[in-house]
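Single-structure report; data block below.
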Amino acid sequence: MIKVNFDSKVDVKRTAEILKEIAKDEMGGWFNLPRKIDMGEFVRIKEAAKKIQEESEYLVCIGIGGSYLGHRAIIEALRPKSETKIIYAGNSLSKRELDYALKKVGDHDFSINVISKSGTTLEPSIAFDEFKKKLIEKYGEEEAFSRIYATTDKKKGALHDEAVAAGYTRFVVPDNIGGRYSVLTAVGLLPMAVAGVNIDKLLEGAAGAVESTIEPASKYAWMRYELGLKGYDTEVFASFEPSTMYFNEWLKQLFGESEGKGKQGIFPAAVIYSTDLHSLGQFMQEGRRNLFETIIDFPTDETNAKVVQAVKSAHIAGGIPVLDVSVSSFDEKGFGELIYFFETACAISAKLFGVNPFDQPGVEAYKSELKRLMGLV
């Protein structure tokens, strides 16, 4: 169970209204997802994961943003054991990075999981073309296509149409769940299962949080809102476990993309302590007081626990509002609870700021300009 160690002025009536709005929203499918998993698809995911593990040394996960950050966060944090290793591609336009990923695969046996609802996002499209070509050169077209797993729209889109024509194994990105809220769908479950994450326990943790996390998530959302009204416009997510770096990255997308609209929202930043105390510690202690800190407090060893205590005391004394989110366990169950907690809190918080938590109109601006510069439109 997630606990928050602070008090906030929660408007219970307004919170209930917001929760109803979220549940009814056309993009609110994630809200009840942990208790409404498509078991047929879930079984197919586990079967595909087993096949990939049996025939491939690497699974190349191709996607950007919500198509890769959530599952990478859990895999990197838990470091599960699997003979099949995950390689990530298509999350930038750096040719150097793409060449590095291709070289790392080398002549090893591999499969591809390309994750894109539309199939037209530039970064994964370029990476998919390169890895598909490598796959065909190694195995021939028929076997190559049997090693491609497309997680995409159920009925339409460039990737959907290609997958149907070529016979790729397909999994669905639900119409009512956006990318940054999709980690508990096939988007995240397939790569995690291949990597050795116990996805049954992950979903068990999330399902248990559907009811138990509403109160702490509401308190956290209202506290963020109160701090935002007081001029605290930056939130620093602080973890004390280095392996959770990508979980911080997922949080930055979740809150940044959900709240940053209409000149509203709190800017999300992240640190890993104690490492970043030796680079940002001075600013945190004595810099501008426009920020607050959310400590994600995992069960940890005795030394790290003392670091957590020292940071809290020092930063509170330095004038930083510190919010403490305590996690029950550093395992699949704990992360299932944590994912649902932050998704719920983020959606409530965005609603309090008066913005839609589920769209991202500003993201299209750079895409349009980039396509113009590259002569693609």
Side-chain angles (χ1 to χ4, degrees), residues 1-11 15 77 212-245 247-252 254-256 258-260 264-330 334-335 337-338 341-342 344-346 348-350 352-353:
M1 181 182 294
I2 305 295
K3 296 180 180 179
V4 293
N5 301 324
F6 53 83
D7 291 318
S8 60
K9 300 174 183 177
V10 176
D11 184 328
T15 301
S212 67
T213 199
I214 295 298
E215 181 181 356
S218 299
K219 288 176 67 175
Y220 173 59
W222 278 93
M223 179 58 82
R224 294 180 80 257
Y225 180 60
E226 292 171 27
L227 290 168
L229 293 180
K230 293 177 181 178
Y232 292 95
D233 58 13
T234 299
E235 177 175 20
V236 179
F237 293 104
S239 172
F240 294 74
E241 289 293 340
S243 68
T244 61
M245 181 185 74
F247 192 82
N248 286 350
E249 294 301 305
W250 176 72
L251 287 173
K252 284 158 63 177
L254 179 68
F255 282 88
S258 297
E259 284 189 343
Q264 295 293 323
I266 294 168
F267 184 81
V271 293
I272 298 289
Y273 293 147
S274 65
T275 304
D276 287 329
L277 291 172
H278 296 265
S279 57
L280 295 174
Q282 175 61 39
F283 188 95
M284 294 298 294
Q285 195 66 41
E286 296 184 348
R288 290 181 59 207
R289 300 295 81 171
N290 67 320
L291 57 86
F292 66 96
E293 193 168 42
T294 296
I295 288 177
I296 305 173
D297 196 354
F298 293 102
T300 188
D301 61 84
E302 184 177 349
T303 301
N304 231 13
K306 290 180 179 178
V307 177
V308 175
Q309 184 179 352
V311 167
K312 288 181 189 177
S313 299
H315 289 182
I316 290 171
I320 298 175
V322 176
L323 311 184
D324 190 323
V325 176
S326 297
V327 187
S328 60
S329 56
F330 198 91
F335 274 99
E337 294 171 347
L338 197 60
F341 167 83
F342 276 117
T344 303
C346 179
I348 295 172
S349 184
L352 291 175
F353 281 107

Exercise. Closest heavy-atom contact between Asn248 and Ala270?
Worked result: CB-CB, 3.5 Å
Exercise. Roughly how far, to the nearest 0.5 Å, is the OH atom of Tyr220 from the CZ atom of Phe341?
Worked result: 6.5 Å
For this session: Could you pull out all residues at least two apart from Phe240 that satisfy ring pair (Phe, Tyr, Trp, His ring centres under 6.0 Å)?
Result: Tyr273
Exercise. Phe292 versus Arg224: any side-chain heavy-atom pair under 4.5 Å?
Worked result: yes
Seminar exercise, completed: Correct closest heavy-atom pair for Ala345 and Ala221 would be O-CB, 3.5 Å
Problem set entry | Side-chain heavy-atom pair Val311, Glu293 within 4.5 angstrom cut-off | yes
For this session: Check the pair Phe255 / Phe237 against ring-ring contact (aromatic ring centres under 6.0 Å, His included), numbers first and verdict last.
Result: CA-CA 11 Å; Phe255 282 88; Phe237 293 104; 5.5 Å; yes
What donor-acceptor contacts under 3.5 angstrom involve side-chain atoms of residues 280-288, with partners at least two apart or in another chain?
unit_1: Gln282; atom_1: NE2; unit_2: Glu286; atom_2: OE1; d: 2.8
unit_1: Gln285; atom_1: NE2; unit_2: Ala314; atom_2: O; d: 2.7

Exercise. Can you check whether Val325 reaches Asp297 side chain to side chain, under 4.5 Å on heavy atoms?
Worked result: no
Exercise. For Phe298, which residues count as a ring pair (Phe, Tyr, Trp, His ring centres under 6.0 Å) partner, sequence neighbours excluded?
Worked result: Phe330, Phe335
For this session: State the CD-OG distance between Glu259 and Ser349, to the nearest 0.5 angstrom.
Result: 3.5 Å
Seminar exercise, completed: Sorted by chain and number, sequence neighbours left out, side chain to side chain donor-acceptor pair (under 3.5 Å) with Ser218 holds for none
For this session: Quick one: sort the Phe353 and Tyr225 rings into parallel, tilted or perpendicular, breaks at 30° and 60°.
Result: perpendicular
Problem set entry | Pairwise side-chain contact, Phe267 with Glu235, heavy-atom cut-off 4.5 Å (strictly under) | no
Exercise. OG/Ser279 to CD1/Ile272 distance, rounded to the nearest 0.5 angstrom?
Worked result: 11.0 Å
Exercise. Shortest non-hydrogen contact from Ile296 to Val327?
Worked result: CG2-CG2, 4.0 Å
Problem set entry | Shortest non-hydrogen contact from Ser329 toward Pro299 | CA-CG, 3.8 Å
For this session: Establish, from distance only, whether the side-chain atoms of Ser326 and Asn5 form a donor-acceptor pair under 3.5 Å.
Result: yes
Problem set entry | Nearest-0.5 Å distance that lies between atom OG1 in Thr294 and atom CE in Met223 | 10.0 Å
For this session: For residues 320-330, pull every pair meeting salt bridge (charged side-chain N to carboxylate O under 4.0 Å, His left out), keeping only residues two or more places apart or in separate chains.
Result: Lys312-Asp324
Exercise. Quick one: are Ile295 and Leu323 in side-chain contact, heavy atoms under 4.5 Å?
Worked result: no
Problem set entry | Donor-acceptor pair, side chain of Ser8 and main chain of Lys219, under 3.5 angstrom | yes
Exercise. In chain order, what residues pass the side chain to side chain contact (heavy atoms under 4.5 Å, CB included) check against Ser212, with sequence neighbours excluded?
Worked result: Met1, Ala209
Problem set entry | Short side-chain donor-acceptor distance under 3.5 Å, Thr213 and Glu337 | no
Problem set entry | Heavy-atom donor-acceptor pair, Asp301 side chain to Asn304 backbone, under 3.5 Å | yes
For this session: Could you tell me whether a side-chain N or O of Thr234 sits under 3.5 Å from a main-chain N or O of Leu291, the two making a donor and an acceptor?
Result: no
Problem set entry | Atom pair CD1 (Ile266) and CG (Asn290), whose distance is rounded to the nearest 0.5 Å | 11.0 Å
For this session: Report yes or no: do Trp222 and Thr15 form a side-chain donor-acceptor pair below 3.5 Å?
Result: yes
Exercise. Got more than 12 heavy atoms from elsewhere within 6.0 Å of CD, Glu241?
Worked result: yes
Problem set entry | Check ion pair Lys230-Glu226 (N to O, under 4.0 angstrom) | no
Problem set entry | Other residues, nucleotides, ligands: >12 heavy atoms within 6.0 Å of Lys252 NZ | yes
